[in-house]
Every structure is written in C-alpha cells, then in structure tokens.
Number of protein chains: 2
Amino acid sequence: MPGDKLTEDVIGERFGVSRTIVRTVLARLHAEGLVDMQPNKGATIAQPSLSEAQDVFETRMCLERQVLVRLAEKVTLDDIERLQRHVDLETKANTQDGAAAIRLAGEFHILLASLSGNRVLARYVDEVVSRCSLILALYSRPHSSDCSIHEHQQIIDALRLRNSQAAIDAMDHHLKAVTDRALLSSTSDKQRDIRSILDRYAS
Amino acid sequence: MPGDKLTEDVIGERFGVSRTIVRTVLARLHAEGLVDMQPNKGATIAQPSLSEAQDVFETRMCLERQVLVRLAEKVTLDDIERLQRHVDLETKANTQDGAAAIRLAGEFHILLASLSGNRVLARYVDEVVSRCSLILALYSRPHSSDCSIHEHQQIIDALRLRNSQAAIDAMDHHLKAVTDRALLSSTSDKQRDIRSILDRYAS
DNA sequence: TATTGGCATTCTGTATGCATAATTGTATAC
DNA sequence: GTATACAATTATGCATACAGAATGCCAATA
C-alpha cells in the first residue's frame, strides 16, 4: 500500500467530492508525513526510508518521555481510570479483533498525550504515532501485541505511583521493542526499496 | 498584529495570486499554529493564549534538548564552524539591524536542529520557533538580545567539547530566559485578552 | 430609546474549467 | 528487434465562478 498513487480525480469520485477537497486533504497528509508529493507528479502514500523511520522513532521517544514527565506530576485518579479502561479494551480486542487491537495500541499513546494537557505535544505525538503505524505497515512482520499491552499496563502502574522514571523506563523499553521489530528486520534503505518492489509484484 | 483578519481576496490581490494559493498557504500556516481559522469565518493571525504559549515553550525545550543530545554525539568541525559563523553574524547584526538580529536569533536554533540530521525533529523545531516568535510579538516587551548571543556561544562551546549536559544546561537557561521574558509579564489569560483588546483600540 | 426583523454586502466553501506538464502508446527508422 | 521521436491521453496547478453563511445596517415597532 505505501507507494501507491493517490490520484485526485479517483479519490474525489470515490468520496463524492471535488478535487479541491481532495487536494486540501492530501496537502494536510503531506504536511503530516503520511503522503509523499512531487510537483506536477502528484501524491503517493508515503514510503518512509529507513533513516526517516529512525528519525520518527527518535522524535517519538523524545516527545513521549515529556508526556510522561508531565503526567507523573499531574495525573488524576480519573485519568488513571480512563487509561486503565483503555488497556482493558486492548486486552479484550487482542483475542478477538486484530485490526482493532493495533488501532487501540496506537490510541493508547494518543490518549496519554492528550491527558498530558499540552496540546502542542499532543498534536506532535498524534503525528508521530500515525507515521509509526505507516512505518510498521511498511517494514514490520505481523506480530502479537500481547507484550504491548503488558507494557502499557506497566506505564499506567508507574503513573499511578507518580514515578516518572519508571514510566519513562517502561516507555523506552516499549518503544524500543516496537522500533526493533520494525527496523532490525531490514538492514539498509536499498534493501527496503527492493523488498517493496517485490511486494508490489507479489500482490 | 496578532488577531488581524487575513482576508483571502486581499492577500491574493496583494501578492498577485488567486485565492486558491492563498487558501493553501493559510491552511498550512494554520496547521503550524501561526493562524487561527474558524469555519465560515476565515483566518486571523494566531493569538496564542498564555497556556498555549507555555505548551509551545515546554515542547520546544523538549525538542531542543534532543537536538543537543544528538549533536553532542555527532557534530563535525564543519558544523561547529557554521554555527560559529552564524553567531558572528548575530553579533554583527546586533549593533546594526535589530530586526535582523531577532530573525538570526531564531535561525540559530533552526540551524542547530537541521545539523542534528533528524528531519522530523528539525521540522518540529522550526514550527515551535516560529510560534515562539509570534508569542514574543504578542507578550514580550522589546529587549536587547545581547544575552541571547552569549548563550548561543555557550551552546557552541559545549558542543565543541561534545559535552551534551553543558549544552543542554545552556539551552535550558537560554530558553528559560526567553520564556520568562515572554510569560512573566502577563499573569493570566484574561489579562492578555484585555490587553490585546486595548491594543486594538489604541491602534 | 432599545430591540428585532429583514435586506444587502462581504467573505468563505466548493466545484469546475482551462492551460501546462507528464506519461503512455504507437509508429517509424535503423 | 530495439530505440527514438512524436502524438494522444491523462493528471496536475491554478484561476474563476457560483452558492451559502456571516456580518452589518437600516428601518420598523414596542
């Protein structure tokens, strides 16, 4: 799917809107790094390179650490409850609906960021989480998200004790696991390019 | 200037382009937090609230710390030279052209971020620096930037020694000074609103 | 005099049309 | 059979036109 052409007419027809609308949406997605655009050549679903992927992960770690620093200072019992309910949802979805489980796993981080109360931080986290999803779709092999849920739980537990360092450690460990799963499988950008071409032909 | 209406027709005429172009630019600036947009009411130059301003500064600190961590690991002599040349430029501008001095002070941070090599981080730093400029325009009283230059120099010196902690300390101190200058003058969002209204009437 | 209703104006939101750049396909030459 | 050039098709970039929402103004009425 990454690399696919996004023709304005096609999308517009599909959603019953004019090219103008499609154009603004594509521009927005481009700004968020989810679609690539070339002048006079149009838009494609972004194919982040390996180094771009590393940049996204590094930035994500940096942002999410800050989220936890803030949260450790100011979480309310209400917040903790919301987080706990979310992880419970994740647990439920994990045995039933794989797609939902993946979506919920991302939304946990977005929820954390929004609870931090810093809107700017939250917007950036939202973006990098989306981009990570795209990266995982590109590079990662299918996997269970059992561990994710466990790590999410660890983060909540640390926040409940207002232990920011423990929360950050859990987050670091968590994101490192995700990163490794995504990036250690390929060893170079070139390899990635080849693989994506092969994938295209295979489907 | 913040709060001013940005009418599409007016801007388009001013720059000799159609509303289509203006619209995309405004949308982009909105995404970057530099203009406010309300449905069916158009765009205005953003008037970040005090809490929004604090969020921007906090996020900026977080991002720039990461920039320095990376740079302390990987700066080259070339990089150091470019930074030094930039600060020299700042020093020169400081005595001659106030507007240029302010611009260069912001660009120092953008240069740092781009030298980090992390494009994602660099884009976010670019955004928050722009937003900080807007915030300073809103809240801050005019001031000399002598201290800024000295602090920039400290950061370079720390990087030259690959001492990330010293660089981060200098940056923290630097940004804290800027933040205080901007945010301690006002004490609440309400006060800011009132002041902006008065400013409007005065001009 | 204050308030409300309606009218006119202005500006935004969206669609569409036209010109230009890119791509694809075809024909011809080597 | 391959390569190149040219034509036809397609898609993008931009401008413009039209419809609908918001604002302001004025008059009418309480």
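Below, read A as the first sequence line, B as the second, and so on, with proteins coming before strands; counting in each chain starts at 1. Heavy-atom basis, side chains included; hydrogens, waters and symmetry copies ignored.
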Provide, to the nearest angstrom, the distance between the [atom1] atom belonging to [X] and the [atom2] atom belonging to [N].
X: D9(B); N: dG13(C); atom1: CG; atom2: P; answer: 12 Å
X: F15(A); N: dT14(C); atom1: CZ; atom2: C1'; answer: 17 Å
X: Q38(B); N: dG13(C); atom1: CD; atom2: P; answer: 11 Å
X: L6(B); N: dT10(C); atom1: CG; atom2: C1'; answer: 16 Å

Open item on the list: Let me spell it out: for each of E8(B) and V17(A), pick the nucleotide of DNA chain C with the closest heavy atom. Which residue's pick is nearer the 5' end?
Closed with: E8(B)
Task: Residues from residues 22-37 of chain A lying under 4.0 Å of DNA chain D - heavy atoms - done: R23(A)
- [ ] Could you label the plane-to-plane angle of the F108(B) and H152(B) rings as parallel, tilted or perpendicular, counting under 30° as parallel and over 60° as perpendicular?
- [x] parallel
Open item on the list: Distance alone, cut at 3.5 Å: any donor-acceptor contact between the side chains of E58(A) and N118(B)?
Closed with: yes
TODO: Could you tell me from which nucleotide to which nucleotide of DNA chain D, 5' to 3', there is an atom under 4.0 Å from chain B heavy atoms?
DONE: dC14(D) to dT23(D)
N/O donor-acceptor pair under 3.5 Å between [X] side chain and [Y] backbone:
X: R19(B); Y: I11(B); value: no
X: T76(A); Y: D79(A); value: yes
X: R70(A); Y: L115(A); value: no

Task: side-chain contact (heavy atoms from CB on, under 4.5 Å) involving S164(B) - partner list, sequence neighbours excluded - done: A72(B)
Open item on the list: Need one value for T7(B): base, sugar-phosphate or nothing, where a base atom within 4.0 Å counts as base even if backbone is also close, heavy atoms only.
Closed with: sugar-phosphate
Task: Comparing K41(B) and R19(A) on DNA chain D - which has the more 5′ nearest nucleotide - done: R19(A)
